[in-house]
A.B. asks: 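After the structure tokens below, expect a handful of questions from me.
Proteins get letters first, then strands, A, B, ... in listed order; numbering begins at 1 in each. All of these numbers come straight from a predicted model, not from anything done at the bench.
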Amino acid sequence: MGTFNFFLYSFLINALIATLLTSLTTSAVGVFVVQKKMSTMGAAVAHSSLAGAILALLLKINPLLGAFILSILFSFLISYIGKKEEGRMDVMLGLVFGLSTALAVLFLSLTSTYSVSAWQYIIGDVLSVTIDEINILLTLTFTTLLLITLLFKGFKFIVFDEETAEAMGLRTDLLRYTLTMIVAIVTVISLKVVGSILTIILLVAPAASAYEFSHSFEKAVILAELFALTSGLTGLIASIYLNVSASAITGIIAVFTYFLSYIFSTKRRKCKCIVKQIRVIKEKTL
Amino acid sequence: MNIVKVENVYVAYGPFIALEDVTWSIKKPLFLSVIGPNGAGKTTLLRVLLGLIKPFVGKVEVLGLDPSKKALKLRRRIGYVPQRERIDPAALVLVKDVVLMGRLPKKKPIAFFTKEDVEKAREALKLVDMDNFWDKPFSHLSGGQQQRVLIARAIASQPEILLLDEPLAGVDIASEGRILQALKNLVSEGVTVVIVTHNLNPSLKLSDEVILLNRKVVAAGPPQKVLNEETLTKTFMREMKILRLEKEKVIVEG
Ligand SMILES: Nc1ncnc2c1ncn2[C@@H]1O[C@H](COP(=O)(O)OP(=O)(O)O)[C@@H](O)[C@H]1O
Ligand SMILES: [Mg+2]
């Protein structure tokens, strides 16, 4: 009985840590992704992570390693195309998205015996995260947060105004490649926690919610982290008590939070205030 | 040494020739206006100076450097103000964030901002009369105020050359005056200011030299020598008239 409890306890701890790490990283990167209008790119990279993980299952190597390699390759490909074909980015991303998904489906069709383990990378299975995987996630999270902290000012510049950043001598290529590489790493972190399909929600929803209440990147990142932690933990708790998918609940809560943020947005309320003031002024002058 | 030297430069986008046989130079710090209609190649000319586009024929030298070879080194000595419509007016930045960006090019990418950086940024903001807005969201400012912040960012980088792309577009008269005065003061401190515009009236008084550009250089030199109805009509490809109000020249469409 004692060992059983310890066993139960340890995989809950793993799930909790994995949820925390995923929420912290996706939401921080998400602020840059949303502001730079790269969310389609995030989805495309998430699916290349999936393709990498399933390919790794086929080759009997660590799925997270496979996800890491393929997602980094795809993120570099997208950065490269983004520079060359700026005007046609929309179409190019559609193609890259399609390619990564097609590869994932192809590898999946080759893994009949492993399809159960492949499935967890598609829809997430936070309760099956192992201690070895936690160690990998910790390393990746540390790398991600360190890079974001060190390069925060540069990222802010290229997200706000890449043209001037380049014109004034910043290494914009290096910054953009690093940012997309971070997106790739983050999709690996969240692969087993929320799965490749739902990663995009954690990248976009907390950042979009935070936007409604902030005027600076710094504040947006902090708020996005809070929103992401809330939805991540709610999902985890719901999955334990109600026996439903943690990733699904997390995604639903994250989007619901966005709708609430939209309604209670301090930015939009201010607009209403101004409209009211204008009306008052008009009435007075009439 | 010339500050800028452009010789027989041709630039093409695919089969389309945007600049044809452009030759001009800047020998000492001055206020220069590049004037021409939309599509004349004004932005292209700035991009050539920054080494963002390489001409397929011709020679370019800026501050003694070849922009296509020493791009980063050169760009860090140049301030750039983009056309404002390319910037998201609702971006998540404060005014101080924007101005401090001007300090980044000369720093290591991971270095923190020092006291000096903050001082220079504040000084630059003061020059465009926006120092009360340091902590304000960029998105709360009017178009003219945003433009002044973008100029302050370029000034904060302590450039030797300042390139401004249509800095007066969509700017009210009060901001216009402040911007031009701030730029003129920079010139007296030894900065070369190049401003690109399709409306020459506002900057006319302050310009030491003008270039009339429409794919080719139609005319270049001091404004009183270069600006006449013939050159202007040739540049804008429609009849232009010069009116005299008191002692000032005003240029209008004919
Ligand atoms: N990236 C580009 N690709 C193709 N054509 C371009 C590109 N940039 C500019 N052009 C063309 O080159 C000409 C000059 O452009 P530009 O230098 O932006 O003019 P201006 O700034 O004077 O309005 C225009 O006809 C424009 O359509
Ligand atoms: Mg232009």
A.B. asks: Does the side chain of B:His140 come within less than 4.5 Å of A:His215's, by heavy atoms?
C.D. replies: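 With C-beta onward as the side chain, the pair touches.
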
A.B. asks: Return the CE to CD1 distance between B:Met101 and A:Ile158, rounded to the nearest 0.5 Å.
C.D. replies: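 The CD1 atom of A:Ile158 is 10.5 Å from CE of B:Met101, to the nearest 0.5 Å.
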
A.B. asks: For residues 179-191 of chain B, which residue pairs qualify under salt bridge (charged side-chain N to carboxylate O under 4.0 Å, His left out), counting only residues two or more places apart or in two chains?
C.D. replies: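 As it turns out, the salt bridge (charged side-chain N to carboxylate O under 4.0 Å, His left out) pairs with a partner in residues 179-191 of chain B, which skip direct neighbours, are B:Lys184-B:Asp208.
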
A.B. asks: Non-hydrogen atoms of chain A under 4.5 Å away: do they reach the side chain of B:Leu94, the backbone, both or neither?
C.D. replies: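 Contact with chain A is through both the backbone and side chain of B:Leu94.
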
A.B. asks: Decide if atom CG of A:Asn135 counts as having more than 12 heavy atoms of other residues, nucleotides or ligands within a radius under 6.0 Å.
C.D. replies: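 Atom CG in A:Asn135 is crowded, with more than 12 foreign heavy atoms closer than 6.0 Å.
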
A.B. asks: Would one find more than 12 heavy atoms of other residues, nucleotides or ligands at under 6.0 Å from atom CZ of B:Phe56?
C.D. replies: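 Atom CZ in B:Phe56 is packed in, count exceeds 12.
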
A.B. asks: Where do A:Tyr211 and B:Ala90 come nearest, in terms of heavy atoms and distance?
C.D. replies: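 Heavy atoms of A:Tyr211 and B:Ala90 come nearest at OH-O, 3.2 Å.
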
A.B. asks: Using a 4.5 angstrom heavy-atom cutoff, name the option from B:Leu150, B:Leu72, B:Leu163 with the most pairs to chain A.
C.D. replies: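 Highest number of heavy-atom pairs under 4.5 Å: B:Leu72.
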
A.B. asks: For chain A, find which of B:Asp88, B:Ile87, B:Val98 contributes the most heavy-atom pairs closer than 4.5 angstrom.
C.D. replies: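 The option with the most such pairs is B:Ile87.
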
A.B. asks: Considering only heavy atoms, which portion of B:Ala71 lies under 4.5 Å from any heavy atom of chain A: side chain, backbone, both, or neither?
C.D. replies: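 B:Ala71 has no heavy atom closer than 4.5 Å to chain A.
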
A.B. asks: Within the supplied structure, the quantity of interest is the number of heavy atoms (other residues, nucleotides, ligands) at a distance under 6.0 Å from B:Lys106 NZ; does it exceed 12?
C.D. replies: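 Counting other residues, nucleotides and ligands, NZ of B:Lys106 exceeds 12 neighbours.
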
A.B. asks: So which pairs with a foot in residues 19-33 of chain A pass side-chain hydrogen bond (donor to acceptor under 3.5 Å, both in side chains), sequence neighbours left out?
C.D. replies: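 Residue pairs passing side-chain hydrogen bond (donor to acceptor under 3.5 Å, both in side chains), neighbours aside: none found.
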
A.B. asks: Between B:Leu104 and chain A, which part of the residue has a heavy atom less than 4.5 Å away: side chain, backbone, both or neither?
C.D. replies: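 Both parts, backbone and side chain.
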
A.B. asks: Would you say that more than 12 heavy atoms from the other residues, nucleotides or ligands in this model lie under 6.0 Å from the CG of A:Leu95, or not?
C.D. replies: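 Above 12, so yes.
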
A.B. asks: Could you look at B:Val81 and say if it's the side chain, the backbone, both or neither that has a heavy atom under 4.5 Å from chain A?
C.D. replies: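 For B:Val81, there is no contact with chain A at all, as no heavy atom is under 4.5 Å.
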
A.B. asks: Any idea which heavy atoms bring B:Leu92 and A:Ser214 closest together, and the distance?
C.D. replies: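 Nearest heavy atoms, B:Leu92 then A:Ser214: CD2-O, 3.1 Å.
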
A.B. asks: Within residues 138-147 of chain A, which positions have a heavy-atom distance to chain B below 4.5 Å?
C.D. replies: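 Heavy-atom contacts from residues 138-147 of chain A to chain B are absent.
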
A.B. asks: Going by salt bridge (charged side-chain N to carboxylate O under 4.0 Å, His left out), name the pairs with one or both residues in residues 156-169 of chain A, residues two or more places apart or in two chains.
C.D. replies: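 As it turns out, the salt bridge (charged side-chain N to carboxylate O under 4.0 Å, His left out) pairs with a partner in residues 156-169 of chain A, which skip direct neighbours, are A:Lys36-A:Glu162, A:Lys83-A:Glu166, A:Lys156-A:Glu218, A:Lys156-B:Asp97, A:Asp161-B:Arg153, A:Glu162-A:Arg176, A:Glu163-B:Arg86.
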
A.B. asks: Of the backbone (N, CA, C, O) and the side chain (C-beta and beyond), which part of B:Leu100 lies under 4.5 Å from a heavy atom of chain A, both, or neither?
C.D. replies: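 Neither part, no heavy atoms under 4.5 Å.
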
A.B. asks: Might you confirm whether atom CZ of B:Arg84 has over 12 heavy atoms from other residues, nucleotides or ligands at distances under 6.0 Å?
C.D. replies: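 Yes, the 6.0 Å shell around CZ holds more than 12 heavy atoms from other groups.
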
A.B. asks: Rounded to the nearest 0.5 Å, how far does OG1 of A:Thr164 lie from CD of B:Gln83?
C.D. replies: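 These two atoms lie 11.0 Å from each other.
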
A.B. asks: Should we say atom CZ of A:Phe259 is surrounded by more than 12 heavy atoms from elsewhere, each under 6.0 Å from it?
C.D. replies: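 Not buried by this count: 12 neighbours or fewer within 6.0 Å.
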
A.B. asks: Under a 4.5 Å cutoff for heavy-atom pairs, which residue among B:Pro109, B:Pro82, B:Gly51 has the most contacts with chain A?
C.D. replies: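 Looking at each of B:Pro109, B:Pro82, B:Gly51 in turn, B:Pro82 comes out on top.
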
A.B. asks: At a heavy-atom separation under 4.5 Å, does B:Ala111 approach chain A through its side chain, its backbone, both, or neither?
C.D. replies: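 Only the backbone of B:Ala111 comes within 4.5 Å of chain A.
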
